[in-house]
Amino acid sequence: MANLVDFEKHDTIGVITVDNPPVNALSVGVPQGIIGGVKTANADSDITAMVLRGAGRGFIAGADINEFLNPPPPGNAGLTDVLTCFENSPKPIVAAIHGNALGGGLETALACHYRCGAAEAVYGFPEVLIGILPGAQGTQRLPRICGVEKALPLMVSGEFVPSSTALDLGIIDEVFDGDLLKEAISFAKR
């Protein structure tokens with residue numbers, strides 16, 4: 001199995017990159033790779049914060065639908081393990097979102113301490129259109145972040161919102177037009 005998650009150190013910032021083409025789905029091995037990156041960063045006293053990003057055309061697309069009928073063997077880390085890892089991290093984690101943050105991808109971003117997005121990024125819970133509820137605490141985290149009145153339409157409509165709307169809703173903290181990784185690292189340093 002190829003390495004689906006990479007870790008690099010950029011000065012005092014640990015960069016965790018999900019690289020699972022074509023859409024960076026949370027397939028078997030990806031959650032464990034993310035957890036491994038967080039543990040590596042937390043064990044390094046020179047690292048003060050982390051950036052989580054996706055390689056290629058998008059952040060994290062969410063669940064690997066191919067695994068719905070063939071679930072991973074017991075003992076494999078899943079999305080809820082990633083979210084718990086983020087919650088227990090003594091160092092902040094910044095999601096650097098480009099392309100899509102949909103379904104489990106948005107839930108992953110919502111569990112990060114901060115979120116920044118490229119101007120063209122979109123956010124949403126499309127799984128509701130096929131009768132599946134966001135199953136990794138998205139229905140709890142989104143209202144906590146932006147309030148029930150603003151969160152409810154996004155949670156039940158399946159609508160995608162652009163970064164400008166996500167910023168207005170409080171889903172993300174910053175929108176960047178330039179080099180997202182560079183800007184996210186700078187944001188994490190602050």
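By the side-chain hydrogen bond (donor to acceptor under 3.5 Å, both in side chains) test, Thr139 is found to be paired with no residue, residues two or more places apart in sequence or in another chain being considered. Glu87 meets the side-chain hydrogen bond (donor to acceptor under 3.5 Å, both in side chains) test with Arg141; sequence neighbours excluded. Partners of Glu127 according to the side-chain hydrogen bond (donor to acceptor under 3.5 Å, both in side chains) rule, which considers only residues two or more places apart in sequence or in another chain, do not exist here. With sequence neighbours excluded, the residues that form a side-chain hydrogen bond (donor to acceptor under 3.5 Å, both in side chains) with Asp6 are Asn3. Legend: residues meeting side chain to side chain contact (heavy atoms under 4.5 Å, CB included) with Glu174, ordered by chain and number and at least two apart, are Cys116, Phe176, Phe187, Arg190. Annotation: side chain to side chain contact (heavy atoms under 4.5 Å, CB included) contacts of Asp168 (sequence neighbours excluded): none. The side chain to side chain contact (heavy atoms under 4.5 Å, CB included) check on Thr12 picks up Thr48, Lys189, with sequence neighbours excluded.
Grouped by direct or indirect side-chain proximity (heavy atoms under 4.5 Å, Ile/Leu/Val/Met/Phe/Trp/Tyr only), Val148 sits alone. Membership of the apolar cluster around Val122 extends to Leu102, Phe160, as traced through chained side-chain contacts below 4.5 Å between ILVMFWY residues.
The minimum heavy-atom distance linking Ala109 with Phe59 is given by the pair CB-CE2, 3.9 Å. Summarising the geometry of Cys112 relative to Ile93, their closest heavy-atom pair is CB-O, 3.5 Å, with the distance given to 0.1 Å. Among all heavy-atom pairs drawn from Ala118 and His98, the shortest one is CB-CB, 4.0 Å. Minimum interatomic distance between Ile13 and Val51 (heavy atoms only, all atoms of both residues): CG2-CG2, 3.8 Å. Ala151 and Leu142 get closest at one heavy-atom pair: CB-CG, 3.7 Å. Across Phe125 and Gly138, no two heavy atoms sit closer than the pair CZ-CA, 4.0 Å.
For the pair Lys9 and Ile47, the minimum side-chain heavy-atom distance is below 4.5 Å. Contact of the Asp19 side chain with the Pro21 side chain is registered, since non-hydrogen atoms from C-beta on lie closer than 4.5 Å. With contacts defined as side-chain heavy-atom distances shorter than 4.5 Å, the pair Phe86/Leu52 qualifies. The shortest side-chain heavy-atom distance between Ile60 and Ile97 does not fall under the 4.5 Å cut-off. The side-chain heavy atoms of Val5 and Ile16, taken from C-beta on, include a pair separated by under 4.5 Å. With contacts defined as side-chain heavy-atom distances shorter than 4.5 Å, the pair Leu83/Gln137 qualifies. Arg53 places a side-chain heavy atom less than 4.5 Å from the side chain of Leu181. Within the 4.5 Å cutoff, the side chain of Lys150 has no heavy atoms near those of the Pro143 side chain.
Checking side-chain atoms of Thr84 against main-chain N and O of Thr80 turns up a donor-acceptor pair under 3.5 Å.
Leu106 and Val94 are not part of a single hydrophobic cluster, where members link through side-chain heavy atoms under 4.5 Å apart. Two different hydrophobic clusters hold Ile185 and Val175 under the rule that ILVMFWY side chains link at heavy-atom gaps under 4.5 Å.
Pairs engaging residues 105-121 under the side chain to side chain donor-acceptor pair (under 3.5 Å) rule: none recorded [sequence neighbours left out]. Pairs engaging residues 153-163 under the side chain to side chain donor-acceptor pair (under 3.5 Å) rule: Tyr123-Ser163 [sequence neighbours left out].
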Please walk me through it: do Arg57 and Asn100 pass side-chain contact (heavy atoms from CB on, under 4.5 Å)? CA-CA 8 Å; Arg57 67 184 200 195; Asn100 300 328; over 6 Å; no
Given Asp11 and Asp46, is the side-chain contact (heavy atoms from CB on, under 4.5 Å) satisfied, shown in steps? CA-CA 8 Å; Asp11 193 25; Asp46 294 334; over 6 Å; no
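Here the straight-line distance linking atom CG of Leu169 with atom OG of Ser164 works out to 9.5 Å at 0.5 Å rounding.
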Hey, can you pull the donor-acceptor pairs under 3.5 Å for the side chains in residues 26-41, sequence neighbours left out?
from: Ser27; atom 1: OG; to: Asn20; atom 2: ND2; distance (Å): 3.0
from: Ser27; atom 1: OG; to: Asp64; atom 2: OD2; distance (Å): 2.7
from: Thr40; atom 1: OG1; to: Gly36; atom 2: O; distance (Å): 2.9

